[in-house]
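Shown next, in structure tokens, is the structure this report addresses.
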Amino acid sequence: MKMKSIIRKTLLYKSGVEYADYCINHVEGCAHGCRFPCYAMMMKKRCGIIKSYKEWLQPKIVANALELLDKEIPRYKHKIKFVHLCFSTDPFMYKYPEVGDLTLKIIERLNKDNIRCVVLTKGIYAKVLVNTARYGKNNEYGITLVSLDDNFKQKIEPYSAPYKERIKSLEYLHKKGLKTWISMEPYPTPNLVRQDLMHILKTVSFVDKIIFGKLNYNTPSNQFKGNDKFYMNCADIVIHFCKNNRIEYHIKHGTQEKDNRKTEKIFIKSFVEDLSLRIKQPSLFN
Ligand code: SF4
């Protein structure tokens, strides 16, 4: 069945997320239906854009996304450090090939102007991304992974891709030489799932970067006795593991007693290189 679509007035926006820069959400809603809860769904409900969880589960594609990009790229190009896809939907939504197809076109369009993409999904990556003549080689591809327990996944993110398939698709990109990362956020407290953080970390030790963060807006988790101590201990484990395995890391603000402002620039490092490349060489792909 063909997805519903909407028309938007703008697409690129400056994100408020501490480690992000510009962002694109080219779909309204998300079929993954996360019950952490999903912050994006909460906001859309609050603003009256959607009425219910059921409505959120029926994603609508932004039909004019590529036309908007053609207009907005020349306007923002020299300010953009990188573009994040996505914070309020999923760019490789599981079992929604139309979403993945549009995402690929967006990545290609941005890369054509030497704008790097930082991508995050709970779906499966398209293998075609290894074609670096088409998509560029400096994008960073991530998956959200907060557990390896399938029963927990069924409860908390019922319609996303199975953990194993998700990891396999990320490892494929890694093996082909692309940069990969993990968003381990929102990480659940032990009253939601009993698990070994070190085991999860070891499973994805091939990645270049890990971002770890606590679970917010979840009553049972907030009521977990020793919540603060638990997250501080987890953050220490992640930092130690990353240092030992030469993985870059960032602990999301509010997870530790004291926030680390330096590591929030985890995706920015190559901005100066990117910018000089964009000025000297308007397009690598023409
Ligand atoms: S994948 Fe992201 S946007 Fe989609 S429902 Fe889950 S938390 Fe929300």
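First listed ligand is number 1; within each ligand, the first listed atom is number 1.
- By the criterion of a heavy-atom distance under 4.0 Å, the backbone of T89, and not its side chain, is placed next to ligand 1.
- Taking all atoms of both residues into account, the shortest heavy-atom contact from H26 to V99 is NE2-O, 4.3 Å.
- A cation-pi arrangement is absent between K252 and F212 under the rule of less than 6.0 angstrom and at most 45 degrees off the ring axis.
- Near H32, with a cut-off below 4.0 Å to any heavy atom, the atoms of ligand 1 are 1 (S).
- Proximity of A40 to ligand 1, defined as any heavy-atom pair under 4.0 Å, is not found for any part of the residue.
- Note: H250 and H253 have perpendicular aromatic rings, judged against thresholds of 30 and 60 degrees for the angle between ring planes.
- Taking the six-membered ring for Trp and thresholds of 30 and 60 degrees, Y19 and W181 have ring planes more than 60 degrees apart, a perpendicular arrangement.
- Y125 and Y141 have perpendicular rings, their planes meeting at more than 60° on a 0 to 90° scale where under 30° would count as parallel.
- Against a heavy-atom cut-off of under 4.0 Å, K122 is close to the following atoms of ligand 1: 1 (S), 2 (Fe), 6 (Fe), 7 (S).
- Within the structure, the closest approach of E157 to ligand 1 does not fall below 4.0 Å when heavy atoms are considered.
- At a cut-off of 2.8 Å, C38 does not coordinate atom 4 (Fe) of ligand 1 through any N, O or S atom.
- Near G33, with a cut-off below 4.0 Å to any heavy atom, the atoms of ligand 1 are 5 (S).
- The cluster map of Ile, Leu, Val, Met, Phe, Trp and Tyr, joined by side-chain heavy atoms under 4.5 Å apart, puts V130 and F206 in the same cluster.
- Counting heavy atoms closer than 4.0 Å to ligand 1, residue W56 contributes side-chain atoms (C-beta onward) but none from N, CA, C or O.
- Between the side chains of N25 and Y13, at least one donor N or O lies within less than 3.5 Å of an accepting N or O.
- At least one N, O or S atom of C34, from either the backbone or the side chain, sits less than 2.8 Å from atom 6 (Fe) of ligand 1.
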